[in-house]
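Chain letters run A, B, ... following the sequence lines, proteins first and then strands; every chain starts at 1.
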2 protein chains.
Amino acid sequence: MTLPLPDMICFALYSATHAMQHVYKPLLDDLGLTYPQYLVLTALWTGEAQTVGSLGRQVQLESNTLTPLLKRLEDRGLISRTRSSADERQVNITLTDAGRTLQSRAAHIPAAVLEKSGLSLDDLTRLREQITTLRDQLRGA
Amino acid sequence: MTLPLPDMICFALYSATHAMQHVYKPLLDDLGLTYPQYLVLTALWTGEAQTVGSLGRQVQLESNTLTPLLKRLEDRGLISRTRSSADERQVNITLTDAGRTLQSRAAHIPAAVLEKSGLSLDDLTRLREQITTLRDQLRGA
DNA sequence: CTATATTACATCGCATACGATATAATCGCA
DNA sequence: TGCGATTATATCGTATGCGATGTAATATAG
């Protein structure tokens, strides 16, 4: 009843996630971003004005992780954090000009990662859907 | 050229890995283990005597992560760390009786996770193979 | 045989993750 | 209306991950 590591789906996910971040590393180093920071900026680039909470629901992180991360992005001048006037509990997160500018410098990353994956876009899309289904199952369980 | 988060394979892996660890959490809390500690013990339960280096190749972690983790397992009395007499650079990692005993208390975990995944064993196996293939591609690239 | 390179592990610094808890603001109900 | 419950962030402590570097032991070239 003890599966060896190579037979464990959880280890496949765990090690593939690390391998993926390893591929992103040199690409993100050029932008001075960490991988979770890149995810947060992606949410801001592709979406609209956000609160800490709405960002957290998208990147699946809690405020205990997001708040320090967002402070670092603010220190770098990429975003601004301001208390909402409508609801003083909320903090609005918006891109600065520098944060918006960074989007174009990150535009080549998806293609670079696709190429390193060695899979076709179709295969990758199918795989992504299966992984997402598994994730939502695990989340709901 | 900026993909939204739900379309990114890397985010699917990232969030699925977190969801998976969330499922393991209550199961591992009963054993007082963290998820990476469980992976290391799995390698020891299913394999033979190991060095820090051979363990690292299996769980895909470097000594900078493994050494503190192994020290915590040693503090808990689950493993022993001893310098190899043949090569003083190496540290041999072996299970203690307590560490071996823990294996039976963890025996029910794979079935519990399989059930929460909502997938058949066949589907999960196929998905695992695809993810492993992607990981090895990314690693080799 | 010895100086140099390589290897195996450890240490340090920084940035996540996350459970538990704190705090301030808003909500809901009697 | 007022007060307890809920909500949105923030803080704290612990455990990863990992790049860079340190250190001791072993391997190797000349």
Does [X] reach the side chain of [Y], with side-chain heavy atoms less than 4.5 Å apart?
X       : Y        : result
B:Ile9  : A:Leu114 : no
A:Thr42 : A:Val59  : no
B:Phe11 : A:Tyr38  : no
A:Leu27 : A:Val113 : yes

Listing time: all N or O pairs from protein to nucleotides 20-27 of chain D that are below 3.5 Å?
unit_1: D:dT26; atom_1: OP1; unit_2: B:Glu88; atom_2: N; d: 3.3

Under 4.0 Å, counting only non-hydrogen atoms across every strand here, what does A:Glu62 touch: a base, just sugar-phosphate, or nothing?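 Counting heavy atoms under 4.0 Å across all strands, no contact is made by A:Glu62.
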Indicate whether OP1 or OP2 belonging to [N] is found under 4.0 Å from a side-chain N or O atom of [X].
X       : N      : value
A:Arg57 : D:dA8  : no
A:Tyr14 : D:dG17 : yes
A:Gln60 : C:dA17 : no
A:Thr51 : D:dT9  : yes

Among D:dT9, C:dA10, D:dG17, which nucleotide has an atom closest to any side-chain atom of B:Pro36? D:dG17
Tell me which residues in residues 65-72 of chain B lie within less than 4.0 Å of DNA chain D, going by non-hydrogen atoms.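 Heavy-atom cutoff 4.0 Å gives B:Thr65, B:Leu69, B:Arg72.
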Carboxylate-amine/guanidinium proximity below 4.0 Å for A:Lys71 and A:Asp75: no
Salt bridge flag under 4.0 Å for residues B:Arg139 and B:Asp136: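 Looking at B:Arg139 and B:Asp136, the cut-off is not met.
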Could you tell me the separation between the [atom1] atom of [X] and the [atom2] atom of [N], rounded to a whole number of Å?
X       : N      : atom1 : atom2 : value
A:Gln90 : D:dA10 : CD    : C1'   : 15 Å
A:Leu61 : C:dC18 : CG    : C1'   : 10 Å
B:Ile93 : C:dC9  : CD1   : P     : 8 Å
A:Leu33 : C:dA15 : CG    : C1'   : 13 Å
A:Leu55 : D:dA10 : CG    : C1'   : 16 Å
B:Gln21 : D:dT16 : CD    : P     : 10 Å
B:Leu28 : D:dA15 : CG    : P     : 15 Å
B:Arg83 : C:dA10 : CZ    : C1'   : 8 Å

Quick one, B:Asp123 with A:Gln130, criterion side chain to side chain contact (heavy atoms under 4.5 Å, CB included). Give me CA distance, side-chain angles, the key distance, then yes/no. CA-CA 10 Å; B:Asp123 285 346; A:Gln130 291 179 69; over 6 Å; no
Report yes or no: do A:Ser80 and A:Thr94 form a side-chain donor-acceptor pair below 3.5 Å?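 Checked: A:Ser80/A:Thr94 side chains pair up, N/O donor to acceptor below 3.5 Å.
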Ignoring hydrogens and geometry beyond distance, is a side-chain donor-acceptor pair present between A:Ser15 and B:Gln60 at under 3.5 Å? no
Over 60° means perpendicular and under 30° means parallel, so tell me whether B:Tyr14 and A:Tyr35 are parallel, tilted or perpendicular.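 Perpendicular: the ring planes of B:Tyr14 and A:Tyr35 meet at over 60°.
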Which residue lies toward the 5' end of DNA chain C, B:His22 or A:Thr34, if each is placed at its nearest nucleotide? A:Thr34
